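Reading through the structure tokens given below for one structure.
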Amino acid sequence: MSHTLFIDGLEIPFAPGQTIMDAALAAGIYIPHLCHKPGLTPHGSCKLCTVDVDGRSAAACTLPATAGMKVDNHTPALQEVRKTLVQMLFVEGNHLCPTCSKTGDCTLQALGYHFGMLDGHFPPFYPLREIDASHPDIVLDRDRCVLCELCVRASREQDGKNVFAIGGRGAASHLIVNSPSGKLGDSDLTLDDAAAHICPVGAILPKNHGHEIPIGRRTFDLHSVTEADVAHVGLQKTEHHDE
Amino acid sequence: MSKIRIATTSLAGCFGCHMSFLDMDERLVDLLEHVEFDRSPLTDIKHCQPCDIGLVEGGLCNAENVHVLREFRQQCKILIAVGACAINGGVPAMRNHYTVQECLEEAYLNGVGVDNPMIPSDPELPLLLSKVHPLHEVVRVDYYLPGCPPPGDAFFSILSDLLAGKEPSLPKAMLHYD
């Protein structure tokens, strides 16, 4: 049996064990995603990679590709659902782009642009969340955390440190730090860790940096999230794009 | 043919969107062939008459903002939320982390360089809302023009579309939240 599946009618190959997302990225097909990063265990939490597989919704980053699978990806209905998901992510946190030094390099923002999101649609939560500025080199601003667990996975799988985890339940879920005081400054995190640079939003940011590249000249001012994310695997990594 | 009437206002905003509106530069001259301004900081008219288009900058931080917004909604056929603050509260919404009392104490009692510390209590001052809110939480908004501020080109684009009787759309390159 041949190892191919169909994405929007296009036949593409896959290697056994690859997910739909792996196969799509290898073929240069963009499936929107926020919590997925090649090289880390798929998490399947942001649901932005929701695709219709043989008529049923599934997360492309976690579902293994199978031969002959028919996947709908770029359909108006799915784009609308994904836009709504981005809107919910925006209103759930405190995502005030003009105040954030990640603006222009933020994948959540880029996804908003990608889906043509103009407003948050829902009433904003304005949640009260704790900022942790105890680390000399890195700041943790939970206002902007989208609970994607990229930092959790990067710390565990790439840095071998286990600095981060998600604590709490439901709307009270929040990023916690593995240190005696619960503060980032007392943790093992260092500036050269993958976890310090993987945040797709402005929740974990290096200190003492911010405006080397002016607003208007940043990654997603010049590139769409489509180019940047497909380029990461298929072509070459774009400059300034988060690791 | 009578001109299209436009009203504008800045609520909990910084007037940056109005400055950006003026960045249409010489295109404003052509625009004025087709439109005239009603209530606006540009005309200093204090109350809104029936209008075709209302441009509202800024979110809602006090009771007066809510009154003005309701007047705009009542009088304007098309209401446009202009800029980050009108759409999600923006920079003023950063105070939502604190109580109104804490904000007033920081600004008027304990802040650096405060002279003659005293929380203003003149009855003419509008009361602050407990939180800053975006416009769409209080009235129906017809269109959104994001940006901090939206570029002059974006104002020109949305107004040109409306004047041409088209559903306004924003080119992707002009869509920014910062």
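Just so we're on the same page: letters track the sequence lines, and every chain starts at 1. If you're wondering where the values come from, they're calculated on a predicted model, not measured in any experiment.
Here the closest heavy-atom approach between residue A:L96 and residue B:M94 is recorded as CD1-CG, 3.7 Å. Taking every heavy atom of both residues into account, A:P124 and B:E137 meet most closely at CD-OE2, 3.5 Å. Closest approach of A:Q109 to B:D178, counting heavy atoms only: NE2-OD2, 4.0 Å.
When the shell of 6.0 Å around NE2 of A:H174 is examined, it contains more than 12 heavy atoms from other residues, nucleotides or ligands. Under a cut-off of 6.0 angstrom, the local environment of CG in B:D122 is crowded, with over 12 non-hydrogen atoms contributed by other residues, nucleotides or ligands. More than 12 heavy atoms of other residues, nucleotides or ligands sit less than 6.0 Å from atom NZ of B:K172. Summarising the local packing, CZ of A:F122 is surrounded by more than 12 heavy atoms from other residues, nucleotides or ligands at distances under 6.0 Å.
Both the backbone and the side chain of B:H97 come within contact range of chain A, judged by heavy atoms closer than 4.5 Å. At a 4.5 Å heavy-atom cutoff, the contact between B:V132 and chain A is made by backbone atoms alone. Proximity to chain B involves both the backbone and the side chain of A:T103, based on heavy atoms less than 4.5 angstrom apart.
Taking chain A as the reference chain and counting heavy-atom pairs below 4.5 Å, the highest number among B:L145, B:V91, B:I87, B:N96 is found for B:N96. Per-residue heavy-atom pair counts under 4.5 Å with chain B were compared for A:G216, A:C100, A:G120, A:G112, and the maximum is reached by A:G112.
The shortest distance between side-chain heavy atoms of B:C148 and A:C97 does not fall below 4.5 Å. Put simply, the side chain of A:L118 reaches to within 4.5 Å of the side chain of B:L175, judged on heavy atoms.
Aromatic ring pairs are classed by plane angle as parallel below 30°, tilted from 30° to 60° and perpendicular above 60°; the pair A:Y113 and B:Y177 is tilted.
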